[in-house]
There are 2 protein chains.
Amino acid sequence: MDWQEKLNQEGLRVTHPRRVVISVLEQSGTPLSPQAIHRRSLEAKEEIGLVSVYRTLDLLTELGLVRRVHGQNECQCYVLASPGHYHHLVCQHCGSAVEFSGMEDLSSLLAPIELETGFTINEHLLQFSGVCPECQRRTGYHDQE
Amino acid sequence: MDWQEKLNQEGLRVTHPRRVVISVLEQSGTPLSPQAIHRRSLEAKEEIGLVSVYRTLDLLTELGLVRRVHGQNECQCYVLASPGHYHHLVCQHCGSAVEFSGMEDLSSLLAPIELETGFTINEHLLQFSGVCPECQRRTGYHDQE
DNA sequence: ATTCTTATTGAAAAATATTTTCAATAAGGA
DNA sequence: TCCTTATTGAAAATATTTTTCAATAAGAAT
Ligand SMILES: [Mn+2]
Ligand SMILES: [Mn+2]
Ligand SMILES: [Zn+2]
Ligand SMILES: [Zn+2]
């Protein structure tokens, strides 16, 4: 099910601003801020309001179609989200982000922490950052072992 | 080594605003925003400027004495950080946060992801959220299994 | 204790970011 | 083509964060 079907399913409309925001995110390999998305939409001669960018991001986040990426400073950048449980891996040099499957098993971690703290854990935020293949090549970076 | 020694070591001064910010964070069991910290400092009759709260949080974060906590909406809340590698576990009801040791071994996770993506991973952001023991008791919450 | 140096403070202003309001518009069903 | 109403966007209101700079006070030196 693509995003348009998802909207229909929810009784929401497929509008121009929503199309543009999705399109801009599809183009980009890096997470984008609302301002960045707006700027790019103007550059593409698609005149939409900044307010709509905000509203669209909220909506799409709600629907699980985009995800917010948390950084050292900036936590207001968004990427398109694949359906399912995924996390992001962000390049510290160029900012490019890729998803990795959430097939990870954190339960072995969780159990002792739940026991120790008495908390019941039901959500997690997991993100990795490092250097992407391109940037490794470009900067001659290699693992310090 | 306590925070005052740490500041000295860096040639930084132990000032009134810094004392107050640390003190407010020590009182609180939950992560606090700059505004919240400022409000509490005023309530405690410790008149410091909001600007100093911002500057102090930046500084202390830099020094690893406080950490920023990322939430669904709010990502500008800070908690005191123990020295070493820790992560946070936040209660979705009352907001209380506890640290858990970073002794977790993510390397078994990392290896396949590095292989698959070509990234070299060197940092991670990990946070859990759930329900704390007090809120479980208070709300009659219990694990749905 | 007094003086000196300069890191730090805080008021104010500026810059940014986000939300609210509401009349006008357009999406999509009838 | 018409109708209903979800959605848009300009403008204003709010909120957040940063910059500036003269005044202050931390802490070393004397
Ligand atoms: Mn996961
Ligand atoms: Mn860790
Ligand atoms: Zn964040
Ligand atoms: Zn890169």
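Just so we're on the same page: letters track the sequence lines, and every chain starts at 1.
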Under a 4.0 Å heavy-atom cutoff, the residues of residues 35-56 of chain B touching DNA chain D are B:Gln35, B:Val51, B:Tyr54, B:Arg55
The side chain to side chain contact (heavy atoms under 4.5 Å, CB included) partners of B:Arg55 (sequence neighbours excluded) come to B:Val51, B:Ser52
By side chain to side chain contact (heavy atoms under 4.5 Å, CB included), B:Asp2 pairs with (sequence neighbours left out) B:Gln4, B:Glu5
In numerical order, the residues of residues 9-25 of chain B whose heavy atoms come under 4.0 Å of DNA chain C are B:Leu12, B:Arg13, B:Thr15, B:Pro17, B:Arg18
Axis-to-axis angle across the helix from C:dA1-D:dT30 to C:dA30-D:dT1, five pairs each end, nearest 10 degrees, ~ 40°
So side-chain hydrogen bond (donor to acceptor under 3.5 Å, both in side chains) across residues 7-27 of chain B, not counting sequence neighbours, yields B:His16-B:Glu46
Is there a side-chain contact between B:Thr56 and B:Val20 in this structure, where contact means two heavy atoms from C-beta onward sitting under 4.5 Å apart? no
Per the under-4.0 Å heavy-atom filter, residues of residues 68-76 of chain A near DNA chain C come out as A:Gln76
Consider only side-chain heavy atoms of I, L, V, M, F, W and Y, link residues closer than 4.5 Å, and tell whether B:Leu57 and B:Leu65 are in one cluster.
yes
Can you hop from B:Leu109 to B:Leu125 via hydrophobic side chains spaced under 4.5 Å?
no
Taken in chain and number order and not counting sequence neighbours, the residues that satisfy ring-ring contact (aromatic ring centres under 6.0 Å, His included) with B:Phe128 are B:Phe100
Footprint ends on DNA chain D, 5' to 3', for atoms under 4.0 angstrom from a heavy atom of chain B, come out as D:dT16 to D:dG27
Across all chains, not counting sequence neighbours, the side chain to side chain contact (heavy atoms under 4.5 Å, CB included) partners of B:Glu62 are none
Taken in chain and number order and not counting sequence neighbours, the residues that satisfy salt bridge (charged side-chain N to carboxylate O under 4.0 Å, His left out) with A:Glu99 are A:Arg67
Sequence neighbours excluded, the answer for side chain to side chain contact (heavy atoms under 4.5 Å, CB included) partners of B:Ser33 is B:Gln35, B:Ala36, B:Cys77
